[in-house]
Structure formats: structure tokens, C-alpha cells
Amino acid sequence: MLLNIKNLHVSIGGKEILKGLNLGVNEGEIHAIMGPNGTGKSTLAAAITGREGYEITEGEIWYKGKNIVGMSPDDRANEGIFLSFQYPVEIPGVSIQNFMRTAINAKREYNGQAPIPTVDFLKMMKEKQAMVEITEKLQNRFVNVGFSGGEKKKNEIFQMAMLEPSLAILDETDSGLDIDALRIVANGVNHLHRPDNAFVVITHYQRLLDYIVPDFVHVMYDGRIVKSGGKNLALELEEKGYEWIKESNL
Amino acid sequence: MDTAPQNNIINEVTNKEYEYGFVTDIETDFVPKGLNEDIVRLISRKKEEPEWLLDFRLKAFRHWLTLKQPNWGHLHLPQIDYQDIIYYAAPKKRSEKQSLDEVDPELLATFDKLGISLDEQKRLSGVAVDAVMDSTSVKTTFQDTLSKHGIIFMSFSEAVKNHPDLVRKHLGTVVPYTDNFFAALNSAVFSDGSFCYIPKGVRCPLELSTYFRINAANTGQFERTLIVAEEGAYVSYMEGCTAPQRDENQLHAAIVEIIAETDAEVKYSTVQNWYPGDKNGKGGVYNLVTKRGLCRGDRSKISWTQVETGSAITWKYPGCILKGDHSVGEFYSVAVTNNYQEADTGTKMIHLGKNTRSTIISKGISSGHSQNSYRGLVRVAPNAINARNYSQCDSLLLGDQCGAHTWPYVQCGNESSILEHEATTSKISEDQLFYCQQRGIPTEKAIGLIVNGYAKDVLNKLPMEFAVEAQKLLSITLEGSVG
Ligand SMILES: Nc1ncnc2c1ncn2[C@@H]1O[C@H](COP(=O)(O)OP(=O)(O)O)[C@@H](O)[C@H]1O
Ligand SMILES: [Mg+2]
């Protein structure tokens, strides 16, 4: 199993947000996680990626056969975990090109490899940009500075394509996207999906799942996964609304 | 959120060892410790100077005696014991330096180790270097190439011998010895430095550069640089410096004077990396410097770019006197302080001519227990109609034990001028750090990347060769070719 989360409890500033969450993801699978606002979906993403301030009070996160609790965020990233941020961060003065090159070389250094040759890097940039239909020159654009909501999300998928993760978590990458951007994002994911990697797609709307077809759908509520099923669960959820989940849990 | 882990990380990043702290074992010629008229005469005699220059020194010395060490900076500059300093130290020369073979191999090795090769074959083409160790110039490269264009680039001492009229005409015209305490001191005891003269209409084909190295202990460094660009001339000049790691503080009080005639342009870039002291604030160089440019002719332009990373204390305000109509002054600065370093730096833009313009971009980065201050003066004289100034002063704080301060002084003497000032203070956000880490970039590289991005507007102004060194100094990992 690529990712196996067992009985995960996470607190922020002493307040428990995740309350015993279990999730197993195999290579080749796409999992969707749905659930109302404030239920802990982003907290789960933060816990998997090792963000500071998210205290794991109980439970384990197994990834590629290792319990990664306590591993630094950059080591986790270099082990192949990628997060498409719900709110991508601006870094003024740092070009996307420079940022990506630094990231790729950090990973290569982690794996004991030499820095990527410039020619290969530039070729790769071009290829992946085409995939997410980014036409402009990224050496002149600073990371997320002055980007529209849609551009930011496309840029996240572009970075994912550059870094070729084993496990990609997309945190509401579809929120606020028009249909064109949604299609581009979904195409990117489908393009990168292989038998040896997996995706966890956090979303609010079943709409995205028309483009990215999940193997499993999980519904989160109050810090736990309360229901799991196939793609149809998303449709059912859309039909009946989150009230249905809340009621069945009370 | 708890800031302690972030502070730890920043500590690790900022506690890196100073790379240039070694001492060269070389025979050195000293004058006795202390300062009096005899010492001033002795320095002048050792340098075989003409009478007028000794006169200049003595006047400066007598004036200095009437002054007090200034204490208005936001600095903890102790009262320096000026009798406890050696005012002249020079590596003993085997013979008059000219060819590389005649320079002491130990000296060449020293500069090699500092990454400054004096072997013209090995140099990146396009840069001529004057290497100054303690009180004297060791070697100036590419003099032949330069003299073909009529450009004079040599050590100050040589210029006094070979071009006394030029030196005499300009010396002290931009920074008179009466300017301030340290300017008076420098004028009395200055040792060596560079002289650079670009004749009318000549665009200097090489970057000119002086590399200063303090080596001897208990020695002050008092270099003096004079750059003259005649009508329509252009030159880009770079200055770099390092010093050994020592427990006692060392005094560095330099003067740089620049003169730009009609339509001339001078770009002056500094990467200041004097020994900053250890992480507890012991030792380090006191960097007390007066730098000023005079835009004498119409449409002339002087541009200062500085990256200040070293020194225990930095006190410097490279400025421009915009005398010619339509003349332009620029000041681009990145000042980084960490541990117990203190920097009080900025600029003075004095608008005298009509339609003069100045731009000030200052980026302060403080970490550890350091104090980082911007102090700048923009003065517009009543006759300087339609003057323009734009000032932007940004401070970036790493951690919560350091200080950033901004003191902009503005004096506007007419109604037609427009002066704009913007200031921001920010911290590296935890969000930015995590975003980088999530892409696999370790924390210290991430800080380097973010800081580099923050300082980009200024780093972009540096000549290529310096930009690389500056980026490294700001702990940046990217190679220069992309980005
Ligand atoms: N940094 C934080 N500090 C305090 N509380 C937080 C923080 N981040 C999230 N929370 C709280 O944790 C809960 C879950 O938030 P989140 O994981 O963002 O939910 P979701 O992504 O499902 O909308 C919410 O009640 C939110 O207020
Ligand atoms: Mg969320």
C-alpha cells in the first residue's frame, strides 16, 4: 500500500481537529475526499505533508513502508508527496523557473544525483507548460504573484507535472475554476496518472469527478471519514446534500 | 503559532562560518602604533609623496584633532582608542611590482584563495582588478589594455607619482577633509586605494574592480578611491573586500570620491563582506565610510549599488550631489545583518540642478540580534526646480529578536519638485517557507530563495560577476544561467 493512515488524531493549538481518521491508498488509485467546510480536509493534507503546528497526538501515517510522522516536510516532498495548495502562496522576486529548478535540484540532491542539465530542464519546462496550456514565459513571472485564481491552480498542476510525485494531494484545486480551467486541471491529472502513482483529490463538488474519475469516494465529517464508496457516492451526496451525512451521523 | 522552531532554523542559517577568516603569513612593514603629526609625516615619506600631499594630510590631521567621534547613528560604536591602532602596514615588496612574476607568491595565493585571480590569463575577461592588501596595492591587472584607451587605472599611490596634477585637481573636491570625523581621519592617514580616470568620450571596455583585504592585526585600513569620468565617459566600477577573523575589532575608514562631467556615467558597485565578528558579537570590522559622487555636468549620472553583508558595524551613506541640470543619482542597497551586527546605512541625494532625478531603493534584512537602519536624506535646493525623487525602503525581519528602523529625512526647497517615499516592513511568512519545503526545498535554501527574491530589484543592478558572489552571500543556491 502506498499510503496507509491509521487512527490519525491531529490537534492545532491544543484543539483536536482530526479524530481517528483511517485511509488506505494503493498505487494506481484515485481517491476523492468530500465533506463540508471546516471538517478537516485541509488539516489532513497538512498532516500528511508534515506542516509545522499540526500536532499528531495519536496514530500513524505509513508511506512507502515507512511511518513518516516526524519526517521533515521537504524530505516527505522528496520522497514523492506533493500537495496542490488550496491557497497557493506568493513568493515575490522568485521566478517560477528558478523555483522549479531549485525544487528539482533539491530532489536530485536528496537522491544523490547531480543537478539537472540546463537543456534538459528547459525542455521539461516547455513540455509540462504545454500540458497545462501555460503559454507565457515563466522565467519572468514570480511564483503566484499577480496570478488569477485559475492561473494559480494551473500553476500548481504544472509544478506537479514537473515534480512527478508518487502521491499527489489536490486540495480543492477545482474551487473557483471556470469550465476551461477545470478541464485543463483534470487533463493534467489524467495525463500524469500511472499504475505506480496515486491521487487524493479533495473537493467540494462532484463536478470535478466528471473529469477525474475516482476509484473511491470518501466523505469526511467532523475529523473522520464517515462513509466510503465508489463513484456513485459522490452523486448520491450531491443529490442528498451534506445534511444527509450529518443526520446519519448524529 | 510558535516562532521558536523558525528561530532555530534561522539561527542555523545565519550562524554559518565566515569563509575568509584566514591570515596570510607575510613579512609586513609597519609604522609604530598611534597617531600624531610624525606618523602622518612618516606615512607620507614612506610613500615618497610630494609636498602638497603632505600638506593636505597635515591640514586634515589638525582639523581632525578638533572633531569628536560621531554618535548619532543607531549603533553601539564604542569610543575608539585611536592611539591603539597601527596606521600603516604594507606587505614588504621584493621590487617594484609590474609583472606577475615579481609579486610575492604568498600574496597571489592569498588572492587566489579569495577567488580573485591576479593572473590575467586566468581572469574572466572583461574585468580589470586592483588588489589592495592592508595599506598597499599588490597588483593591477590589464593596465595595457586600458591605457590603449587612455584610461588610467592604478593604485592611488602610483597615480600620485604618475599623474600628480590630476590627483591634485580632484582630491577632496567631493569629500573635503572637513566633511566629518572619519573623512578627516582618512585624509590624514589614507594609505592606498584606486585611482581611475576615463577620458572624454571613452566608454571603458572592462569592468574595473578593486579588491581590498585587511590582513595585518591591530591595523586600520584607510583606503581612498577617486574616480573621474570626463565628458561623455562611462565606467562600471566594483569594489569587494574581506578580512581575517580576529577577536579584536578593526577599523576601516575609507573615502570614495566620484566626479561625473557632462553626459558621463559612473556605476559603482560594492559587495562588502568584511569580517562581521563571531556569533556572540566578538570582533569584527568597524566599517565607517564616506562615499560621495558629484554629478558636475549636465545629464551626468552616478549610480551606487551596494550589498552589505559583513562588518560588525557599518556606517555609510553613499550619496550624490546632483549639480548638473538633468543629472541623475541612484542608490540601490541590500544590507543584511545577523547575530550582533549593526548597520546604519542609506544615502544622501542633494538636488541642486534643474530637472534632477534620484531613485533610492533600500532593502534591509535583519536576523539574529542585529540592528538594521536605513537613514537617508533627500534635499532639494530652492533652485532645483522640477526635481524628482522616488524612495522605497523595505525591511525584512527574520526572527523576532532583531530590529529594523527607517529614518528618511526630506527637505524640499521649492514647489515644483515631487518627492515620493514608500516603506514596508515584512517577515518571511511561515506559509512561504512551508510552500517551498513542500516542493522539496530544505528550509535554509528556502530562506535563501525568498531573501534573494526580496532583494532582486537591487541584485539585478549588479554587474554579472558580482551578482554571483552576492547571491552566494545571501545563501542562494541557484546557478546564474536560468531564472
Ligand atoms: N491554523 C489553524 N489554527 C486554528 N484552527 C485551525 C487552523 N487551521 C484550521 N483550523 C480549524 O480546523 C478545522 C478544520 O479546518 P480545515 O482542515 O481547513 O477544514 P476543511 O479543509 O475541511 O474546510 C476548522 O474548524 C478550522 O477552523
Ligand atoms: Mg480546506
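Letters go in sequence order (proteins before strands), and every chain restarts at 1. What's counted below: heavy atoms across the whole structure, side chains too, no hydrogens, waters or symmetry copies.
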Is it the case that B/Glu239 and B/Tyr237 place a side-chain donor and acceptor less than 3.5 Å from each other? no
Contacting region of A/Pro88 [heavy-atom separation from chain B under 4.5 Å]: both
Please tell me whether B/Thr270 and B/Gln306 have a donor and an acceptor in their side chains that are separated by less than 3.5 angstrom. no
Contacting moiety of A/Glu90, where chain B heavy atoms sit under 4.5 Å: backbone
Would you say the side chains of B/Glu207 and B/Ser236 form a donor-acceptor pair under 3.5 Å? yes
Residues at least two apart in sequence or cross-chain that pass side chain to side chain contact (heavy atoms under 4.5 Å, CB included) with A/Lys107, listed by chain then number, are A/Asn78, A/Asn111
Could you look at B/Tyr435 and say if it's the side chain, the backbone, both or neither that has a heavy atom under 4.5 Å from chain A? both
Could you check which of A/Leu163, A/Asp75, A/Asp74 has the highest count of heavy-atom pairs closer than 4.5 Å to chain B? A/Asp74
Go through A/Val143, A/Val89, A/Asn144, A/Thr49 and name the one with the most non-hydrogen pairs under 4.5 angstrom from chain B. A/Val89
Tell me, please, which residues at least two apart from A/Asp171 pass side-chain hydrogen bond (donor to acceptor under 3.5 Å, both in side chains). A/Ser42
Answer with side chain, backbone, both or neither: which region of A/Tyr110 has an atom nearer than 4.5 Å to a non-hydrogen atom of chain B? neither
